[in-house]
Amino acid sequence: MQLLLIHSDYIEYDVKKSTPVAEKIEESFRSGRLDEALAAFMAVEKGDESAVDEIISRTVAEIRNVAGQVKAENIMIYPYAHLSPNLSSPKTAVSVLKSVEKELSGDFNVKRAPFGWYKAFRISCKGHPLSELSRSIVPEGKSISSGEAVAAEGEKEELVSEALKAESTARSYWHILTPEGELLNIDDFDFTGHENLQKFVNYEISKQRAVERAPPHVELMRRLEIADYEPGSDSGNMRYYPKGRLIKSLLENYVLEESYKVGAMEVETPLMYDMEHPSLKNYLDRFPARQYSIESDKRKMFLRFAACFGQFLMNHDMTISYKNLPMKMIEMTRYSFRREQRGELVGLRRLRAFTMPDMHSLCKDMEQAVEQFNEQYNMCISVLDNVGIRVDDFEVAVRFTRDFYNENKDFLTNLAKTVKKPVLVEMWDTRFFYFILKFEFNFVDALAKASALSTVQIDVENAERYDISYIDIDGTAKRPVILHCSPSGAIERCIYGLLEKEAMRTEAGEVPILPLWLSPTQVRVIPISDKHMDFAMKVAEQLDCRVDIDDREDTVGKKVREAGREWVPYVVVLGDREVETGRINVTIRSESRPDRPKKVEMTAEELNARVRSETTGMPYRGLPLAKLLSARPKFL
RNA sequence: GCCUCUGUGGCUUAGCGGUAUAGCGGCUGAUUCGUAAUCAGCAGGUCGGGGGUUCAAAUCCCCCCGGAGGCUCCA
């Protein structure tokens with residue numbers, strides 16, 4: 001218990017916003033004021049939980065004592081989290097605060113500010129020698145708790161701790177795991193030749209930030225007419241223009257197709273859920289995200305931040321045999337909602353509404369889970385590669401408990417071997433989260449910031465929480481182990497990755513381009529003058545891909561420049577020569593340098609074959625805009 | 001959420017106490033053109049929103065909204 005006591009002329013507060021742990025309060029409780037009051041700011045700590053009664057009585061005694069010395073008759077009990085880095089559960093805190101209030105109220109005029117709300121307060125401190133005092137009260141027989149001590153306690157208690165809090169109290173041991181199987185301390189690892197990993201490690205551990213400029217993808221997403229901010233919505237909710245919608249749709253379909261290939265069943269589940277549903281309520285506390293909450297009649301609902309709920313609730317009602325395992329389900333969540341803090345939102349990197357493939361695999365046991373984990377690890381590599389994000393473009397983080405490491409060294413080393421480079425390891429002594437093993441592929445952007453794309457987690461908690469079981473060969477019901485997998489990570493984040501990657505390539509003197517299968521225009525036909533339009537139409541018809549025609553009344557130079565600004569992979573300029581020979585002149589962007597365009601003469605059929613070979617196996621959709629550029633509106 | 005910076009026609013932007021610059025884009029006309037921007041004219045702005053100071057505000061002050069950076073991530 002941390003106590004800060006201030007003898008004041010007055011203290012007053014009024015509540016602003018509720019936090020997820022806010023206690024329910026009546027209207028009269030929303031603001032309060034006491035004159036000539038002793039204000040007791042307090043934070044109930046983790047270590048207090050094992051000795052609640054002792055803490056209450058000693059706190060009461062301390063306040064009583066000080067109040068007596070300064071001759072205060074009024075006491076304001078004010079919950080103040082910032083006094084301690086190791087907070088107790090909200091439940092405990094509220095009960096302690098209420099008890100303290102009750103104990104004191106016999107002899108004093110006591111008021112209590114509500115717990116779990118953002119509050120504005122004004123205080124006028126008297127400034128005499130006894131007017132400001134702080135006290136730290138720790139249960140007898142205990143030294144001040146260190147992170148580790150706290151962690152050990154956290155393990156014992158049942159589900160009261162929340163993931164967000166766990167993250168701050170969990171003691172992490174950071175290492176680098178090499179493909180040779182060495183587990184090195186960060187300081188002992190030579191990062192030469194692994195500069196990107198260095199950036200990632202800096203970002204992840206020391207939270208070093210080097211930059212002050214806006215991320216380059218923000219300008220690109222707008223200039224390429226992919227996506228834009230929508231001030232008419234909440235921050236972090238974007239609008240997608242036709243080209244952006246096309247790209248998203250192709251990516252979404254691709255990831256779904258890949259999931260079908262590994263046997264996943266696509267489902268669709270609701271966007272909003274009842275806040276009071278027992279399993280969900282409980283799970284909310286275990287997931288480090290903030291929710292959007294909405295009210296519908298009398299019910300309080302929250303918007304999903306992933307597809308877990310929907311699928312788990314479905315799994316709960318299913319009859320599942322061991323013969324069905326591993327059983328996979330996927331949903332392309334459009335959208336997943338997370339009410340990230342405003343300062344954390346940036347372009348397409350961090351959003352409040354985003355599209356995420358969320359796949360869950362029910363596994364018989366840990367052995368099968370680990371096997372699946374490995375398969376999905378490889379699947380994720382392949383998915384990102386086809387999206388256009390290579391192994392070289394991301395860094396791997398693997399997180400697990402010490403026990404898991406000791407029992408699965410070879411398996412974990414294999415993960416590093418697979419990507420042929422060292423990976424970052426975060427190890428915990430005990431498990432704080434719902435998962436026991438997790439990996440992420442982290443894209444490191446032009447500003448050395450890292451964000452997670454693909455991820456797989458082995459979940460050992462939720463089968464129990466949602467009462468999901470399968471019938472084993474011996475006829476008994478058993479809990480499956482559940483894998484969470486997002487093969488690509490958020491779709492918007494893939495686009496962010498691609499744009500940031502191209503921004504980096506541009507800086508390195510290369511020509512930026514999107515993968516052909518994702519390019520909104522794959523071939524741009526530019527007739528030199530009106531009289532070549534018929535021929536242009538004919539050529540366009542022969543091409544079996546997203547072809548458009550720049551029929552505007554501009555000079556060839558200008559049209560070529562614009563095609564370049566749009567990153568069009570193949571540009572075909574048509575004039576008298578081509579009409580005569582029937583062959584076409586193609587500028588191949590992927591093989592061009594900024595000062596040296598690569599131009600090749602070929603037939604329409606040859607270009608067709610080329611496009612086909614570069615896009616085989618990938619989803620296709622037609623042009624998202626009018627074929628003739630003169631018929632297209634401008635989005636900005 | 002906090003701190004700092006920022007917000008001028010669709011876009012980029014000048015002006016920073018005397019009611020507004022220019023380029024791109026759009027429209028009209030001329031030009032029919034061989035690979036990074038053809039020429040001319042026209043239209044378009046209650047300077048993010050609201051309040052205040054002043055004879056006078058895009059310019060100074062306050063509040064709100066959006067954006068960027070940093071910090072922070074439940075009482």
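Residue numbers begin at 1 in each chain, while the letters A, B, ... track the order of the sequences. Only this structure's heavy atoms are used, side chains among them; waters, hydrogens and symmetry mates stay out.
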Review point. Where the side chain of A:Y229 is defined as all heavy atoms beyond and including C-beta, which of B:G67, B:A37, B:C11 is the nearest nucleotide?
Key: B:G67
Review point. On a whole-Å scale, what distance lies between the P atoms belonging to B:U21 and B:C39?
Key: 23 Å
Review point. Which part of the nucleic acid, if any, lies within contact of A:R577, taking any heavy atom under 4.0 Å across all strands shown: a base, the sugar-phosphate backbone alone, or nothing?
Key: base
Exercise for review: Would you kindly give the CG-to-P distance between A:D554 and B:G25, to the nearest whole Å?
Suggested key: 8 Å
Review point. Quick one: do A:E440 and A:R399 make a salt bridge, cutoff under 4.0 Å?
Key: yes
Review point. Whom does B:G26 pair with, Watson-Crick or G-U wobble, provided both distances fall under 3.5 Å?
Key: B:C42
Point to revise | Pair A:R352 + A:E340: basic N to acidic O under 4.0 Å | key: no
Exercise for review: Identify the residue among A:I495, A:V218, A:L220 that makes a side-chain contact (heavy atoms from CB on, under 4.5 Å) with A:L348.
Suggested key: A:I495
**Study point:** Nucleotide of B:G70, B:G34, B:U35 approaching A:K599 most closely (side-chain heavy atoms)
**Key:** B:U35
**Study point:** Nearest listed nucleotide, side chain of A:S529, among B:C33, B:U12, B:G34
**Key:** B:C33
Point to revise | Nearest-Å distance once atom P is located in both B:A20 and B:G9 | key: 15 Å
Exercise for review: Pick the P atom in B:G23 and in B:G66, then give their distance to the nearest Å.
Suggested key: 34 Å
Check your understanding: With a non-hydrogen cut-off below 4.0 angstrom, is A:E562 in contact with a base, only sugar-phosphate, or nothing?
Key -> nothing
Check your understanding: Of the nucleotides B:G66, B:G10, B:A68, which one has an atom closest to the side chain of A:V346?
Key -> B:A68
Practice item. Return the nucleotide paired to B:G7: Watson-Crick means purine N1 to pyrimidine N3 with N6-O4 or O6-N4, wobble means G-U with N1-O2 and O6-N3, both under 3.5 Å. Key: B:C65
Check your understanding: Which nucleotide sits closest to the side chain of A:L636: B:U32, B:C11, B:A68?
Key -> B:C11
Check your understanding: C1' atom, B:G50 versus B:C65: distance in rounded Å?
Key -> 10 Å
Practice item. Please check the phosphate of B:C11 (OP1 and OP2 only) for any side-chain N or O of A:K634 closer than 4.0 Å. Key: no
Exercise for review: May I ask you to say what A:V556 touches in the nucleic acid, namely base, sugar-phosphate or nothing, with a heavy-atom cut-off under 4.0 Å?
Suggested key: sugar-phosphate
Exercise for review: Could you measure between the two C1' atoms, the one in B:G45 and the one in B:G15, and give it in whole Å?
Suggested key: 14 Å
Exercise for review: Write down the distance between CD (A:E566) and P (B:G25), rounded to a whole number of angstrom.
Suggested key: 14 Å
Study note, to complete from the structure: Against the side chain of A:T555, the closest entry in B:U38, B:G25, B:A68 is B:U38
Study note, to complete from the structure: Picking from B:G10, B:G1, B:A37, the nucleotide nearest the side-chain atoms of A:Q341 would be B:G1
**Study point:** Interatomic distance at C1', B:U54 relative to B:A43, whole Å
**Key:** 35 Å
**Study point:** Rounded interatomic separation in angstrom, taking CG from A:D445 and P from B:A68
**Key:** 14 Å
Exercise for review: Test for a donor-acceptor pair under 3.5 Å between the base of B:G34 and the side chain of A:E578, counting only N and O atoms.
Suggested key: yes
Exercise for review: Answer with base, sugar-phosphate or nothing: what part of the nucleic acid does A:K531 contact at a heavy-atom distance below 4.0 Å?
Suggested key: sugar-phosphate
**Study point:** Charged N-O contact under 4.0 Å between A:E566 and A:R223
**Key:** no
Point to revise | Nucleotide B:C33, atom P - distance to CE of A:M533 in whole Å | key: 16 Å
**Study point:** Residues A:R552 and A:D550 bridged, charged N to O under 4.0 Å
**Key:** yes
Exercise for review: Measure from the side chain of A:E553, starting at C-beta and using heavy atoms only, and say which of B:U31, B:A68, B:U38 lies closest.
Suggested key: B:U31
Review point. Choosing from B:A37, B:U72, B:G67, which nucleotide comes nearest the side chain of A:R342?
Key: B:G67
Check your understanding: How far does the P atom of B:C2 sit from the matching atom of B:A58, given to the nearest Å?
Key -> 29 Å
Check your understanding: Touch check for A:G557, heavy atoms < 4.0 angstrom, all strands: base, sugar-phosphate only, or nothing?
Key -> sugar-phosphate
Practice item. State whether A:E562 and A:K559 are salt-bridged, where the test is any N-O pair (Lys NZ or Arg NE/NH1/NH2 against Asp/Glu carboxylate O) under 4.0 Å. Key: no
Review point. Which base sits across from B:U21 as a Watson-Crick or G-U pair, both distances under 3.5 Å?
Key: none
Check your understanding: Of the non-hydrogen atoms in A:V346 and A:H217, which two are nearest, and what is the gap between them?
Key -> O-NE2, 4.3 Å
Review point. Using a cut-off of 4.0 Å on non-hydrogen atoms, how would the nucleic acid contact of A:G347 be classed: base, sugar-phosphate, or nothing?
Key: sugar-phosphate
Practice item. For A:D550 and B:G34, give me the distance from atom CG to atom P, rounded to whole Å. Key: 15 Å
Exercise for review: Could you measure between the two P atoms, the one in B:G18 and the one in B:U12, and give it in whole Å?
Suggested key: 26 Å
Review point. Looking for any heavy atom pair under 4.0 Å, which part of the strands does A:I528 touch: base, sugar-phosphate only, or nothing?
Key: base
Practice item. Tell which nucleotide pairs with B:U53, taking only Watson-Crick or G-U wobble pairs whose two distances are both under 3.5 angstrom. Key: none
Revision key, fill the gap. Applying the 3.5 Å cut-off to both distances, the Watson-Crick or G-U partner of B:U32 turns out to be none
Exercise for review: Return the nearest nucleotide to the side chain of A:N585; candidates are B:U35, B:U38, B:G67.
Suggested key: B:U35
Exercise for review: Please give the nucleotide sitting opposite B:C71 as a Watson-Crick or G-U wobble pair, both distances under 3.5 Å, or none.
Suggested key: B:G1
Check your understanding: Which part of the nucleic acid, if any, lies within reach of A:F635 when heavy atoms closer than 4.0 Å are counted: base, sugar-phosphate only, or nothing?
Key -> nothing
**Study point:** Sugar-phosphate only, base, or nothing, as touched by A:L345 at under 4.0 Å among non-hydrogen atoms
**Key:** sugar-phosphate
Check your understanding: Taking NZ, NE, NH1 and NH2 as the nitrogens, is one of them in A:D445 or A:K501 under 4.0 Å from a carboxylate oxygen of the other?
Key -> no
